[in-house]
Protein chains: 2
Amino acid sequence: MTERTMGPRPTLESVAARAGVSRATASRVVNGGAGVRGALVDKVRRAVEELGYIPNHAARTLVTRRTGAIAVIIGEPEFRVFSDPFFEQQVRGISRELTAQDAQLVLLWAEGPDDHTRIARYLGGGHVDGALAFSLHNDGALTAAIGRSGVPAVFGGRPDGPEAAGADVPYVDCDNRGGAREAVHHLVSIGRRRIAHIAGPRDQTSALDRLAGFHDVLPHADPEVVSQGDFTTESGARAMVELLARRPDLDAVFAANDLMAVGALRTLRERGLAVPGDVAVVGFDDMPSVAELADPPLTTVRQDIEGMGRLMVRLLMGILNHDKEAGQEGGAPVSVITPTALVRRASA
Amino acid sequence: MTERTMGPRPTLESVAARAGVSRATASRVVNGGAGVRGALVDKVRRAVEELGYIPNHAARTLVTRRTGAIAVIIGEPEFRVFSDPFFEQQVRGISRELTAQDAQLVLLWAEGPDDHTRIARYLGGGHVDGALAFSLHNDGALTAAIGRSGVPAVFGGRPDGPEAAGADVPYVDCDNRGGAREAVHHLVSIGRRRIAHIAGPRDQTSALDRLAGFHDVLPHADPEVVSQGDFTTESGARAMVELLARRPDLDAVFAANDLMAVGALRTLRERGLAVPGDVAVVGFDDMPSVAELADPPLTTVRQDIEGMGRLMVRLLMGILNHDKEAGQEGGAPVSVITPTALVRRASA
DNA sequence: ATGAAAGCGCTAACAC
DNA sequence: GTGTTAGCGCTTTCAT
């Protein structure tokens, strides 16, 4: 490696000197070179190359008031947030889009209430330009802390709770309600009439919205046909047992996510019921290694999780640029609801 | 919320003014207050409180040349890095220790070769004080890029490949070889004599070291008794089939990780062989939701994964502080090998 | 113990 | 187009 005995790191000053221009011109070139004669642009570029110049981030931030970094805040009401494939996909989408926009991802892991103030301070400290957070349950305090910090933020999933009530925070979520409607419609369209629902946690908006979609199509459904789960496979199996006890004659079930649908499949198999022959099953999410590998493969509602992650970034960037230009609060923040699509496989 | 119509954010200047001291004194107080009269300390503290002053990070970094941020670099030769529970635990340990040290975690996700230069540039750009990376396979280029950047780095797992050869990079790893020895010793001590090994990928040092440990205890083992796996449950099951074909009389098997041990358990069960009656099985890792829940529960070698994550941070911080004081390269970087412990359960 | 002042590296008016 | 200049907010000698 031909590494010149690197003294102190080269500064814009040294680049300018070497190129025989002023610091201002050097700066212009480094930042795109608009309004600088081609000859000089070349000269400066060469100097940058030869010196191995890399702009000093702190100095730049100090004057521009932009850090180029975005915080991704992970609350952890549950164990295993990261192992969750849903989550991983979303963070991956975020990471990719951030990279594409040349921004950095600062990971903030909130493990408990003590961390809320720490995070609020951090956000308030101007370390990042904006924040991305997720609407998990029990995170009212975190949501509030983020709001208080004054840093623009976008949520993944529709926020809930009193803190979010009038707040009108921008978020990205899939059309949970519409997707659920489509799922139930599908069951109706293939002739099912005694349709049950395995609902997700009552403190997660996605679960509530899916339940609402179910009721949109079946407004007169008996409360007995909806059983409560918690998004785990186990709970799905248990809920299916309950439903079967209450309604032995049911001919279809819509589970609020794939994992619970797989649990239901298990119970059904144990009882010797054929799917979809006796009971048709529809899930939600279209989790890669879940829906496709289920037995039988799961008909489910797909959502573009990675895309939602990317969208969160774009939305945030939009808000940041808007803020910059419009000075004060521009138009109300606009949330994005992404479409879902029914994926037909063998289970319904 | 009593929020004064916040104009521009308060600066040290305004704090000093309000406290009736100089900026220098205010700065001293903000940074611990050493060598400042108690009365003044109080005054300044109060001003900070009243104004809601938060130090400007960029300005501070500009003069101190310290960012207070550490990069965590995630290479991704495989799909599903983050879903890996091993990985999650380690990152969690890192995150916790970083928080404890009041440092920030900047996540760098390297998805392909194109990202190497991007990452090298980022590291070289002085955005972070140091970096943490992992020794996955096929990451020679990444490792090299990190090295070239000149930023102090600590690896998780013993690095491999030509790039790491003479480089002598600091790393944190568990005593894979010693742990493997202990596992095999245990099998010997309970009277097993025909012991086989299911090895992990040949391009991962952890797998190689475990294999070496196996040979330490059984130097004359026939090559036939070691079968190749890739750390997945599936591969463990297949490897067990092979071993059984080659050595129908084997009475014990040491798998290089828990997942493969579980696979072996499955094959054994299918063949109607009792564990540990006919064949004793030992794994490696003591993965929470794997070893304990296996049937029968797995005897395995435990390593403190989260602790290793924390150690990576401490080691890095040690290097950073050392660099700062000693000016130039201090003593050679010292890696840490953490101890393992055999956990006896039912399988051996 | 405290203050005055220099300067970290950069961008952005503003002049030319 | 290009250069000059004034800070951004902070830490840190260096006097006092």
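We name chains A, B, ... by the order of the sequence lines, and we start the count at 1 in each one. Atoms considered below: every heavy atom in the structure, side chains included; atoms not considered: hydrogens, waters and symmetry mates.
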Give every pair of a protein N or O atom and an N or O atom of nucleotides 14-16 of chain D that lie under 3.5 Å apart, one pair per line with the distance.
none

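Rounded to 10°, the angle separating the first-five-pair axis and the last-five-pair axis of the helix from C:dA1-D:dT16 to C:dC16-D:dG1 equals 30°.
Here the side chain of B:Arg121 pairs no donor or acceptor atom with the backbone of A:Ile54 at under 3.5 angstrom.
Considering only side-chain atoms of B:Thr64, the nucleotide from C:dT2, C:dG9, D:dT12 that sits closest is D:dT12. The side chain of A:Ala24 lies closest to D:dT4, out of C:dT11, D:dC10, D:dT4. Relative to the side chain of A:Leu12, the nucleotides D:dT11, D:dG9, C:dC10 differ in distance, and C:dC10 lies closest.
For B:Ser22 and C:dG3, the shortest distance from a side-chain N or O to OP1 or OP2 is below 4.0 Å. An OP1 or OP2 oxygen of D:dG3 is reached within less than 4.0 angstrom by a side-chain nitrogen or oxygen of A:Thr25. An OP1 or OP2 oxygen of D:dG1 is reached within less than 4.0 angstrom by no side-chain nitrogen or oxygen of A:Arg37. Between B:Asn31 and D:dT11 there is a side-chain N or O to OP1 or OP2 distance below 4.0 Å. For A:Ser27 and C:dC10, the shortest distance from a side-chain N or O to OP1 or OP2 is not below 4.0 Å. Listed pair A:Arg23 / C:dG9 fails the phosphate criterion, with no side-chain N or O lying under 4.0 Å from OP1 or OP2. The side chain of B:Arg65 places an N or O atom within less than 4.0 Å of a non-bridging phosphate oxygen (OP1 or OP2) of C:dG9.
Considering A:Val154, A:Ile70, A:Asp129 as possible partners of A:Met317, the one that fulfils the side chain to side chain contact (heavy atoms under 4.5 Å, CB included) test is A:Ile70.
Of the charged side-chain nitrogens involved, none lies within less than 4.0 Å of a carboxylate oxygen, so that A:Asp42 and A:Arg45 do not count as a salt-bridged pair. Taking the charged nitrogens against the carboxylate oxygens, B:Glu306 and B:Arg92 have no contact shorter than 4.0 Å, which rules out a salt bridge.
Contacts between residues 120-127 of chain A and DNA chain D, counted as heavy-atom distances below 4.0 Å, involve no residue at all.
Looking at heavy-atom distances under 4.0 Å, A:Val21 makes contact with sugar-phosphate atoms alone, never a base.
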